[in-house]
Amino acid sequence: MTNAFYIASIVALLATLRVITATHAVHALLYFIVSLLAVAVIFLLMGAPFAAALEVIIYAGAIMVLFVFVMMMLNPGPRAVQRERHWLTPRTWAGPAVLAAILAAELVFITAAGTSHTPGAAQVCPAEVGMALFGPYLLGVEMASVLLLAGLVGTYHLSWHLGRRRDNERKREIVP
Amino acid sequence: MNGIPLEQGLIVAGLLFALGAAGVLIRRDVLFILLSLEIMINAAGLAFVTAGAMWLQPDGQVMFVFILAVAAVEVAVGLALVLWLYHWFRTLDVDRASRMRG
């Protein structure tokens with residue numbers, strides 16, 4: 001268990017180091033997703049399975065998709081096909097694939113050993129988290145919902161103006 | 001304790017946070033700066049969950065849920081601003097956008 005924790009920590013730190021030193025944004029994203037998965041494994045080892053699931057589903061699943069969308073919006077053009085071909089070379093995905101394979105092997109090992117929650121060991125199960133979340137922290141949940149609404153309105157406002165401006169430019173290009 | 005040195009979880013969180021801070025300082029591409037901010041938020045969440053596991057309380061994971069909400073909002077607004085930056089300056093270099101107007 002302790003060794004699994006150290007391996008996951010080293011994978012997380014290596015992947016994060018590659019994130020801040022990568023020259024290409026997509027490489028950085030791949031390594032950052034590996035880093036998030038490593039942190040999820042650390043959560044699982046610490047006896048926080050709910051946090052681990054949220055890390056994979058929301059962080060690596062939803063938030064990173066936003067990054068990928070914006071990255072693809074910012075890089076249109078005829079060179080896209082050539083770039084796609086370039087990304088399919090093993091040099092691009094070998095590093096993240098090796099790190100992710102280490103994490104996958106670790107998960108298989110933990111599951112096979114049946115020690116993901118060691119008997120008698122500490123584990124904060126999702127039911128407790130839910131009870132706390134909608135008990136003493138109810139006000140915090142409401143504040144989070146207001147924050148999410150504010151973010152939604154703000155993003156909509158910003159992108160609405162941007163879309164209108166782009167439409168005007170397109171019309172101006174067409175008219176003359 | 002579940003056999004894991006939880007104090008070292010805090011050390012890992014601190015190292016991840018330091019890496020994120022270094023990323024904010026050394027990169028000038030705004031997308032990388034946003035990614036580094038995400039690294040720092042993630043490190044803070046790791047510290048919270050570690051502390052929660054240390055005292056066997058669910059509060060750490062509750063705080064992690066809130067941190068996730070904050071990170072999602074921050075990324076949504078931040079990426080909308082990135083699109084504006086690209087629209088104005090045709091680049092993602094933050095040094096080009098260092099001057100205020102008005």
Side-chain angles (χ1 to χ4, degrees), chain A residues 1-2 5-6 9 12-13 16-17 19-20 22 25 28-29 32 35-36 39 42-43 45-48 50-51 54-55 58-59 62-63 66-67 69-71 73-74 117-118 121-124 128-129 131-133 137 140-141 143-145 147-148 150-152 154-155 158-159 161-162 165-166, chain B residues 1-6 8-9 11-13 15-16 19-20 22-24 26-27 29 31-32 34-36 38-39 41-43 45-46 48-50 52-54 56-66 68-84 86-87 92:
Chain A
M1 290 288 279
T2 312
F5 169 77
Y6 285 134
S9 305
L13 288 173
T16 310
L17 192 65
V19 171
I20 65 171
L29 263 188
F32 187 46
S35 163
L36 290 176
V39 173
I42 293 177
F43 284 167
L45 290 174
M46 279 176 180
F50 184 58
L54 281 185
E55 178 95 2
I58 297 184
Y59 235 122
I63 297 182
L66 273 182
F67 268 100
F69 272 160
V70 169
M71 218 161 275
M73 280 175 73
L74 293 182
H117 44 92
T118 45
Q123 191 183 22
V124 182
E128 286 176 58
V129 180
M131 293 296 283
L133 196 59
Y137 286 98
V141 174
M143 281 162 62
S145 72
L147 178 71
L148 284 169
L152 177 68
T155 312
L158 284 171
S159 40
H161 280 288
L162 193 62
R165 189 175 281 269
R166 278 193 182 145
Chain B
M1 288 297 155
N2 41 2
I4 289 183
L6 289 171
Q8 298 179 6
I11 293 175
V12 172
L15 286 176
L16 281 178
L19 280 175
V24 171
I26 64 176
R27 301 307 297 252
D29 188 324
L31 270 175
F32 282 94
L34 269 180
L35 268 181
S36 303
E38 289 300 308
I39 293 171
I41 291 177
N42 194 34
L46 177 59
F48 267 115
V49 173
T50 309
M54 232 179 235
L56 292 181
Q57 296 293 319
D59 304 60
Q61 292 185 53
V62 170
M63 281 299 155
F64 180 71
V65 173
F66 291 153
L68 269 184
V70 171
V73 171
E74 181 248 336
V75 163
V77 177
L79 286 176
L81 288 173
V82 166
L83 288 180
W84 266 106
Y86 188 73
H87 181 77
L92 291 178

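Basis for what follows: all heavy atoms, side chains included, without hydrogens, waters or symmetry-related copies. Proteins get letters first, then strands, A, B, ... in listed order; numbering begins at 1 in each.
- Proximity of B:Val65 to A:Tyr137: side-chain heavy atoms (C-beta onward) are nowhere separated by under 4.5 Å.
- Of the atoms belonging to B:Val24, not a single heavy atom falls under 4.5 Å from chain A.
- The shortest distance between side-chain heavy atoms of A:Tyr6 and B:Val12 does not fall below 4.5 Å.
- One distance of note links OG of A:Ser35 with CG of B:Leu16; it measures 6.0 Å at 0.5 Å rounding.
- Note: B:Asn42 leads B:Ile26, B:Val70, B:Ile11, B:Asn42 in heavy-atom pairs under 4.5 Å with chain A.
- Of all heavy-atom pairs spanning A:Gly151 and B:Val73, the tightest one is CA-CG1, 3.8 Å.
- Note that CG of B:Leu35 is 10.5 Å distant from OG1 of A:Thr16, once rounded to the nearest 0.5 Å.
- Here the side chains of B:Leu83 and A:Leu74 are in contact, with some heavy-atom distance below 4.5 Å.
- Minimum heavy-atom separation, A:Leu158 to B:Ala80: CD1-CB, 3.7 Å.
- Two rings, from A:Phe50 and B:Phe64, have their centers 6.0 Å or more apart.
- Per-residue counts of heavy-atom pairs under 4.5 Å with chain B were compared for A:Gly140, A:Ser145, A:Ala144, A:Gly154; the largest is that of A:Gly140.
- Shown here for B:Arg27 and A:Val19, the closest heavy-atom pair between the two residues is NH1-O, 4.3 Å.
- Proximity to chain A is absent for every atom of B:Asp29, based on heavy atoms less than 4.5 angstrom apart.
- For chain B, the option among A:Ala62, A:Ala22, A:Ala150, A:Ala12 with the highest count of heavy-atom pairs below 4.5 Å is A:Ala22.
- Heavy atoms of A:Phe67 lying under 4.5 Å from chain B belong to its backbone as well as its side chain.
- Under the side-chain contact (heavy atoms from CB on, under 4.5 Å) criterion, A:Ala25 pairs with A:Met71, B:Phe32, sequence neighbours left out.
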Starting from the C-alpha separation in whole Å, work towards a yes-or-no answer on side-chain contact (heavy atoms from CB on, under 4.5 Å) for B:Leu6 and A:Phe5.
CA-CA 10 Å; B:Leu6 289 171; A:Phe5 169 77; over 6 Å; no
Show the numbers, then the answer: is there a side-chain contact (heavy atoms from CB on, under 4.5 Å) between A:Thr155 and B:Leu79?
CA-CA 9 Å; A:Thr155 312; B:Leu79 286 176; over 6 Å; no
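- The shortest heavy-atom contact between A:Leu148 and B:Ala69 is CD2-O, 4.1 Å.
- Taking the side chain as every heavy atom from C-beta outward, A:Leu133 and B:Gln61 never approach each other to under 4.5 Å.
- If you measure heavy-atom distances from B:Glu38 to chain A, the contacts under 4.5 Å come from both the backbone and the side chain.
- Here the straight-line distance linking atom CG of A:Leu147 with atom CD of B:Glu74 works out to 10.5 Å at 0.5 Å rounding.
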For A:Ile20 and B:Ile39: C-alpha separation, side-chain torsions, deciding distance, then whether side-chain contact (heavy atoms from CB on, under 4.5 Å) applies.
CA-CA 10 Å; A:Ile20 65 171; B:Ile39 293 171; 4.1 Å; yes
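- Residues A:Ala132 and B:Val62 share a closest heavy-atom pair of CB-CG2, 3.9 Å.
- Both the backbone and the side chain of B:Leu34 come within less than 4.5 Å of a heavy atom in chain A.
- A:Ile63 and B:Leu68 get closest at one heavy-atom pair: CD1-O, 4.4 Å.
- B:Val82 touches chain A through its side chain: at least one heavy atom from C-beta onward sits under 4.5 Å away, while N, CA, C and O do not.
- Listed by chain and number, the residues in a side-chain contact (heavy atoms from CB on, under 4.5 Å) with A:Glu128 are A:Val124, A:Cys125, B:Pro58 (sequence neighbours excluded).
- Taking the side chain as every heavy atom from C-beta outward, B:Phe66 and A:Met143 never approach each other to under 4.5 Å.
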